[in-house]
Amino acid sequence: MSKTDQRGQRVPPARALASRPQWQALQRHAATMRKRHLRDLFAADADRGTHFALEAAGWHFDYAKQRVDAETLKLLLRLAEACALRERIAAMFRGDRINTSEDRAVLHVALRMPRKRRLIVDGVDVVAQVHAVLERMAAFCDRVRAGAWRGHTGVAIRHVVNIGIGGSDLGPVMAHEALRQHCDRSLDLRFVSNVDGSDFVEAVRDLDPARTLFIVCSKTFTTQETLANAHAARRWCLDALGDERAIARHFVAVSTNRGEVEKFGIDPANMFGFWDWVGGRYSMDSAIGLSTMLAIGPARFRELLAGFHAMDEHFRKAPLARNLPVLHGLIGIWNTNFLGIASHAVLPYAQYLKRFPAYLQQLLMESNGKRVTHAGKPVGVDTCPIVWGEPGTNGQHSFYQLIHQGTRAVACDFIGFCESTSALTAQHDLLIANMLAQGEALAFGKTAAQVRAEGVPAALVPHKVFDGNRPSNTMLARRLDPAALGALVALYEHSTLVQGAIWDIDSFDQWGVELGKVLTRRIADELSAAKTPRLTHDSSTNALIRRYRRLRGNS
Ligand code: G6Q
């Protein structure tokens, strides 16, 4: 009997990805493309730099230095059609429960829909809910920024400490760094995430408790690391201010769990909510972005949302062949599955984007680092590559050696801006010159003949040869402002969905983080038990626990 989807449409029986004719056509094509060098592709098309480029939401996307030709794109788009990518995109925007393993809608796009839009999910207009919270956030941020929100002793707040981890940390940290030059510098923002107490201690060591506000960010409000740090903050605050009533002036919460927030002692009036259809790693533009709004102000925060929304609209409406996140995602599939490139470096040529690779590691790897399909069958092909990166030009003086001459290929995303974010504009030209030079060097390399022609001694020639043919994307925007950042994040969010649709995986769950959590609870008890515990782990873990207890004086 054939299955039907939520709207009663027949769902064709799932076919293993690698046995689809579109996949096999790409494999045959890849056998040819692997023999072609980017030098040949550029020689064959004098205008490749404009033919393989696209504009959307303020971003110029150059994929000319990818090892693709028109045929590659045609075949990738056929695969996308066969994998019902259009339907997956429409389903997300409709609010269907596309996070099937958790039975949830995936509606981060609703977080940035303009006020006049309506999106009814389970009988509720979620856009109206979003704007109600945005208004409360804006009123709160205005008061704190203006010094009208006073601490328990009556002085204005000047330090804000965001306590959260994973999706409740990486986005806010990244955005704060990225938008530093748009921040109110009289407000000092800090972030605590690690359960290592040193993270908290270092964050508050020079802070005045009377002027410090804690934002406890946790969707579930049950996360062990966040609660440990929040309790440490509570004690730190009470030790200094000596009055339980201080908590209401120095703690606010961002969560979906009102009950737990109240249990912790935070006044629900000081809680900013969101919804189960916002995944942690897709939440930096929800109330989880409260620290971002405090730093840049409500008006700039709305510009950030508008940037996200501009990319959302492009993603929703543009034909697949001219759709930036679609092409970005499909090129990633090509590199991973057909050219066998298992590593993806994100290399922003912008110091303010220094936390962007860490942010993307979670977004991409937690979303698509999966091995089974929606139906629980093995995907059968490789999924998410290893994502990593550092800002240019620092990386050039360390790991770029491997990218240029190592034996493993790395697909690179270069990200840059035309306007300088500092008054040192000549240095900005140098920065971008470096970025463009790296893309060029990776693509074209340097042949032995070229090296010899420079008079290099024969013994050194092999060392100085660059094979080239190493693929990269280049993303360029006018300036690093909230709108450009929003559009950039949305680009990667949607590229992630595109890849998940091809692999037929649930990009919105994260079961892979559960096992470690469960084992931690058990081991934590064993490490601190007063009486020597009976250990039933493997011999390695048992020995490590015994050694730890002995050195801690617990044995
Ligand atoms: C993200 C993950 C995860 C989550 C953290 C924090 O998509 O779900 O990184 O954000 O575990 O969870 P809480 O916000 O519930 O504390």
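Note that ligands are numbered from 1 as they come in the structure, with each ligand's atoms numbered from 1 the same way. Numbers here are sequence positions counted from 1.
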Do you know the tightest heavy-atom contact between Ala230 and Phe251? O-CE2, 4.1 Å
Please say whether Thr223 places an N or O atom under 3.5 Å from an N or O atom belonging to ligand 1. yes
What do you reckon, are the aromatic ring centroids of His328 and Tyr63 less than 6.0 Å apart? no
Atom 11 (O) of ligand 1 protein-contacted, heavy-atom criterion under 4.0 angstrom: no
Which of Gln510, Glu493, Gln361, His108 passes side chain to side chain donor-acceptor pair (under 3.5 Å) with Arg281? Answer is Gln510
Do Tyr282 and Phe508 make the cut of ring centroids closer than 6.0 angstrom? yes
Report yes if Cys217 has an N/O atom closer than 3.5 Å to an N/O atom of ligand 1; otherwise report no. no
So is Glu225 close enough to ligand 1, meaning a heavy atom under 4.0 angstrom away? no
Find all atoms of ligand 1 within a distance of less than 4.0 Å from any non-hydrogen atom belonging to Ile165, and give their numbers and elements. 5 (C), 6 (C), 10 (O)
Centroid separation Phe214 to His250 less than 6.0 Å: no
Taking the six-membered ring for Trp and the single ring otherwise, decide whether the centroids of Phe272 and Phe140 are under 6.0 Å apart. yes
Looking only at protein heavy atoms, which one is nearest to atom 2 (C) of ligand 1, and how far off is it? Glu366 OE1, 3.4 Å
Within ligand 1, which atoms have a heavy atom of Ser168 less than 4.0 Å away? 10 (O), 13 (P), 14 (O)
Element-labelled atoms of ligand 1 that are located less than 4.0 Å from some non-hydrogen atom of Gln362: 1 (C), 2 (C), 3 (C), 7 (O), 9 (O)
Given Lys517, Lys219, Gln510, identify the one with the heavy atom nearest to atom 8 (O) of ligand 1. Gln510
Which protein non-hydrogen atom lies closest to atom 15 (O) of ligand 1, naming both residue and atom, and how far is it? Thr220 OG1, 2.6 Å
Quick one: nearest non-hydrogen protein atom to atom 4 (C) of ligand 1, plus distance? Gly167 N, 3.8 Å
With the threshold set at 4.0 Å, does a side-chain nitrogen-carboxylate oxygen contact exist between Arg234 and Asp239? no
Closest contact, heavy atoms only, Arg549 versus Ser528: NH1-C, 4.1 Å
